[in-house]
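Sequential numbering from 1 along the given sequence is applied to the chain's residues.
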Amino acid sequence: SSVDEFILSMGSKYIQSYTLSGFKEINRKDKFLVSGTPCQIDSLRRYINKMKCQENFVLLDFFCHGVPSKFVWDKYIKEQQDKLGNIDFVDWYDSYNLLIKEKKGCVNSRWTQGDTFYNMFLGNNCLGKACYKYCKFKYDHSSADIRIGDMWGETYAKEDKGVTACVAF
């Protein structure tokens with residue numbers, strides 16, 4: 001509902017959000033753009049279909065790598081708080097950098113510097129089995145209206161500015 005709220009949504013989010021409070025805030029007459037993991041968007045799609053208010057929603061998901069364990073994330077944040085003090089803000093940007101802010105300053109944690117969390121996440125060591133073995137939302141299987149994501153791999157290796165995909169369903 002404001003530019004400040006929108007700014008908080010920028011950057012990559014590889015941790016599943018807590019959706020219960022958000023679902024409770026849904027007013028059938030308001031218009032919404034909702035982004036989330038493909039499994040979260042599928043749940044929301046079923047919910048808004050049941051409420052018969054689909055026309056008020058645009059649902060967006062992304063090419064999902066899988067989400068890390070909330071337990072691993074919480075432990076990582078606790079370790080950072082032990083070093084830094086109370087953390088005010090975490091921004092996960094350009095897929096390989098975490099900016100962790102606290103009152104005295106900030107820490108830029110990078111995968112290339114051997115960051116523990118990144119090594120666990122990108123090494124696929126802390127992802128849920130459901131994400132890798134059983135996810136039914138891979139490839140073109142989506143309940144979203146739009147899917148976005150960064151393109152990776154050998155095909156795009158020479159694209160130094162990156163390549164972003166947008167798929168309308």
Side-chain angles (χ1 to χ4, degrees), residues 1-78 80-81 86-101 117-118 120-153 162-169:
S1 59
S2 72
V3 172
D4 289 338
E5 284 183 2
F6 179 73
I7 288 170
L8 291 173
S9 74
M10 294 169 61
S12 298
K13 309 289 188 274
Y14 289 105
I15 308 296
Q16 280 188 319
S17 54
Y18 179 73
T19 57
L20 186 59
S21 58
F23 280 20
K24 286 180 180 179
E25 295 292 321
I26 291 174
N27 175 340
R28 289 190 217 197
K29 295 176 184 168
D30 289 339
K31 304 270 185 203
F32 296 92
L33 167 65
V34 180
S35 65
T37 62
C39 51
Q40 288 176 316
I41 293 300
D42 182 68
S43 295
L44 182 59
R45 172 70 72 194
R46 287 184 278 123
Y47 182 73
I48 63 175
N49 285 347
K50 187 176 180 177
M51 290 180 63
K52 299 187 184 338
C53 58
Q54 311 84 299
E55 67 280 352
N56 291 340
F57 285 80
V58 174
L59 303 180
L60 180 130
D61 70 9
F62 52 86
F63 297 112
C64 187
H65 168 257
V67 293
S69 155
K70 178 91 166 78
F71 174 77
V72 171
W73 175 253
D74 289 345
K75 185 171 178 162
Y76 175 77
I77 290 299
K78 169 86 171 85
Q80 298 305 310
Q81 283 179 328
N86 288 335
I87 294 173
D88 296 320
F89 182 77
V90 176
D91 184 17
W92 191 327
Y93 66 99
D94 82 7
S95 299
Y96 293 107
N97 295 300
L98 274 172
L99 181 65
I100 303 170
K101 292 183 180 179
F117 180 75
Y118 275 113
M120 295 279 295
F121 177 65
L122 294 174
N124 301 329
N125 297 313
C126 62
L127 304 178
K129 274 187 188 175
C131 293
Y132 261 62
K133 282 193 167 192
Y134 310 111
C135 181
K136 61 183 180 179
F137 304 107
K138 291 181 180 182
Y139 312 110
D140 62 346
H141 304 284
S142 176
S143 295
D145 300 303
I146 303 167
R147 177 169 280 175
I148 61 172
D150 296 332
M151 303 306 289
W152 295 90
V163 176
T164 299
C166 180
V167 180
F169 290 105

Could you work out, with side-chain contact (heavy atoms from CB on, under 4.5 Å) as the rule, every residue matching S2, not counting sequence neighbours? D4, E5
Take K24 and S21 through the side chain to side chain contact (heavy atoms under 4.5 Å, CB included) test and state the conclusion after the steps. CA-CA 5 Å; K24 286 180 180 179; S21 58; 5.6 Å; no
Atom CZ in F57, atom CG in N49: separation rounded to 0.5 Å? 10.5 Å
For the student: nearest non-hydrogen atoms of Y47 and I26, plus distance: CE2-CD1, 3.8 Å
Under a 4.5 Å cut-off applied to non-hydrogen side-chain atoms, are S142 and P38 in contact? no
Tell me the closest heavy-atom pair linking G66 and F121, and the distance in Å. O-CE1, 3.5 Å
4.5 Å side-chain heavy-atom contact, I148 and L60: yes
Gap separating the OG1 atom of T164 from the CG atom of D150, nearest 0.5 angstrom: 5.0 Å
Listed by chain and number, what are the side-chain contact (heavy atoms from CB on, under 4.5 Å) partners of A165, not counting sequence neighbours? F63, M151
Are the side chains of F117 and P68 in contact, using a 4.5 Å heavy-atom criterion? yes
Taking salt bridge (Lys or Arg N to Asp or Glu O under 4.0 Å) as the cut-off, I'd like each qualifying pair that reaches into residues 50-73, sequence neighbours left out, listed once. D61-R147, K70-D74
Please test L127 against S69 for side chain to side chain contact (heavy atoms under 4.5 Å, CB included), starting from the C-alpha separation and ending with a verdict. CA-CA 6 Å; L127 304 178; S69 155; over 6 Å; no
Rounded to the nearest 0.5 Å, how far does CD1 of I41 lie from CZ of F137? 10.5 Å
Could you measure the distance from the CD atom of E25 to the OG1 atom of T19? Nearest 0.5 Å is fine. 12.5 Å
pair L44-L59: side-chain heavy atoms closer than 4.5 Å: yes
Separation between NE2 (H141) and NZ (K136), nearest 0.5 Å, reads 11.0 Å
Closest heavy-atom contact between C135 and C131? CB-O, 3.2 Å
Might you point out which heavy atoms bring M51 and R28 nearest each other, and give the distance in Å? O-NH1, 3.1 Å
So how far is it from S143 OG to R45 CZ, rounded to the nearest 0.5 Å? 6.5 Å
Check whether the side chains of Q40 and T37 place a donor and an acceptor atom closer than 3.5 Å, and report yes or no. yes
